[in-house]
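Basis for what follows: all heavy atoms, side chains included, without hydrogens, waters or symmetry-related copies. Bear in mind that the values here come from a model prediction, so they are computed numbers and not experimental data.
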Amino acid sequence: WKSFHVRPEDEKTANDYYDAVEAERYSNSNAMRKIQEQLTLRAVELARFPLGSKIVDAGCGSGFSSEILREIGYDVFPFDLVPVFVEKCRGRGFNAKVGDLRKFPFRGKFDGIVSISVLQWISASGMSEVAKVAAEFWSHLKKVGKVVVQFYPKSEIELMETAKVFKQVGFKTTIVTDNPGNARKRKAFLLLEKTHIRRA
């Protein structure tokens, strides 16, 4: 499959696209909230993080995913590249920080990482940038940690190439595609499990 519609990610950076007006619209959208909640619940279903786990919300937006993770019972560490989103997330009671998937604003290692609807902003710049994300995820994950990445690749080829990049870092990589035959409802997830020894 291949998507032919033009994504915002194909024309602008996240900071350029999410100006104050667009960020406010997104944050107040019940439809976006519902979508992000459903995607986050699906991510948790795939990963099955133990309750009480320390979970990074990588690309938290205004905090929709973080709220779901907190309600389930996780200790959530949210960050986003867009400062106005970070402020919105802080308004929901989180110690959110400004950061990048390629450079976490948090130190230490975590039980899990969830990233919802974000990676396409980076994959649009090429697989070399995705490799930086993969290395950063690996470095901040505990030995038995898991990652779930939901994103919107342009094609099945891009999805496979992205999965390959994470596999090359050392992750056990599983592709999960919900509704693969329906372009409007199709959702792509990468379930990444850390192995004990990183590949050279």
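- Contact annotation: the side chain of Phe166 approaches that of Val133 to within less than 4.5 Å [non-hydrogen atoms, C-beta and beyond].
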Name every donor-acceptor pair, under 3.5 Å, that has one atom in a side chain of residues 76-93 and the other anywhere in the protein, sequence neighbours excluded.
{"residue": "Asp80", "atom": "OD1", "partner": "Val82", "partner atom": "N", "Å": "2.9"}
{"residue": "Asp80", "atom": "OD2", "partner": "Cys60", "partner atom": "N", "Å": "3.3"}
{"residue": "Asp80", "atom": "OD2", "partner": "Gly61", "partner atom": "N", "Å": "2.8"}
{"residue": "Glu87", "atom": "OE2", "partner": "Arg90", "partner atom": "NH1", "Å": "2.8"}
{"residue": "Lys88", "atom": "NZ", "partner": "Glu24", "partner atom": "OE1", "Å": "2.6"}
{"residue": "Lys88", "atom": "NZ", "partner": "Glu24", "partner atom": "OE2", "Å": "3.2"}
{"residue": "Arg90", "atom": "NE", "partner": "Ala96", "partner atom": "O", "Å": "2.8"}
{"residue": "Arg90", "atom": "NH2", "partner": "Ala96", "partner atom": "O", "Å": "3.1"}
{"residue": "Arg92", "atom": "NE", "partner": "Ser62", "partner atom": "O", "Å": "2.5"}

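- Residues satisfying the side chain to side chain contact (heavy atoms under 4.5 Å, CB included) test with Asn179, not counting sequence neighbours, are Asn182, Lys185.
- Using a 4.5 Å heavy-atom threshold, the side chains of Val147 and Leu190 count as separate.
- Test Phe104, Phe171, Phe110 against Trp138 for ring-ring contact (aromatic ring centres under 6.0 Å, His included) and you get one pass: Phe171.
- Aromatic ring orientation, Tyr26 versus Tyr18: perpendicular (interplanar angle above 60°, classes split at 30° and 60°).
- A distance of 11.0 Å separates CD1 in Ile122 from OG1 in Thr162, rounded to the nearest 0.5 Å.
- For Val118, the side chain to side chain contact (heavy atoms under 4.5 Å, CB included) partners are Leu101, Ser115, not counting sequence neighbours.
- Contacts classified as salt bridge (charged side-chain N to carboxylate O under 4.0 Å, His left out) and involving residues 112-121 (residues at least two apart or in different chains) are not found.
- Side-chain contact between Leu192 and Val149 is present, with at least one heavy-atom pair separated by less than 4.5 Å.
- The two residues Phe151 and Glu158 come nearest to each other via the heavy atoms CE1-OE2, 4.3 Å.
- Side-chain atoms of Leu141 and Phe137, non-hydrogen and from C-beta on, never get closer than 4.5 Å to each other.
- Looking at Glu161 and Lys164, no side-chain N of the basic residue comes within less than 4.0 Å of a carboxylate O on the acidic one, giving no salt bridge.
- Between Met127 atom CE and Lys132 atom NZ the span is 13.0 Å, to the nearest 0.5 Å.
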task = Tell me, with the steps shown, if Arg33 and Glu37 meet salt bridge (Lys or Arg N to Asp or Glu O under 4.0 Å).
result = CA-CA 6 Å; Arg33 173 190 286 275; Glu37 288 176 351; 3.7 Å; yes
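- To the nearest 0.5 Å, atoms CZ (Arg70) and CG (Asp75) are separated by 11.0 Å.
- Within the structure, every pair that satisfies the side-chain hydrogen bond (donor to acceptor under 3.5 Å, both in side chains) test and touches residues 101-114, not counting sequence neighbours, is listed here: Asp100-Arg102, Arg102-Glu129, Asp111-Lys142.
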For residues 44-58, which side-chain donor-acceptor pairs fall under 3.5 Å, sequence neighbours excluded?
{"residue": "Glu45", "atom": "OE1", "partner": "Arg42", "partner atom": "NH1", "Å": "2.7"}
{"residue": "Ser53", "atom": "OG", "partner": "Pro50", "partner atom": "O", "Å": "2.6"}
{"residue": "Asp57", "atom": "OD2", "partner": "Ser66", "partner atom": "N", "Å": "3.1"}
{"residue": "Asp57", "atom": "OD2", "partner": "Ser66", "partner atom": "OG", "Å": "2.6"}

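- Counting all heavy atoms, side chain and backbone alike, Lys12 lies closest to Asp16 at CB-CB, 4.2 Å.
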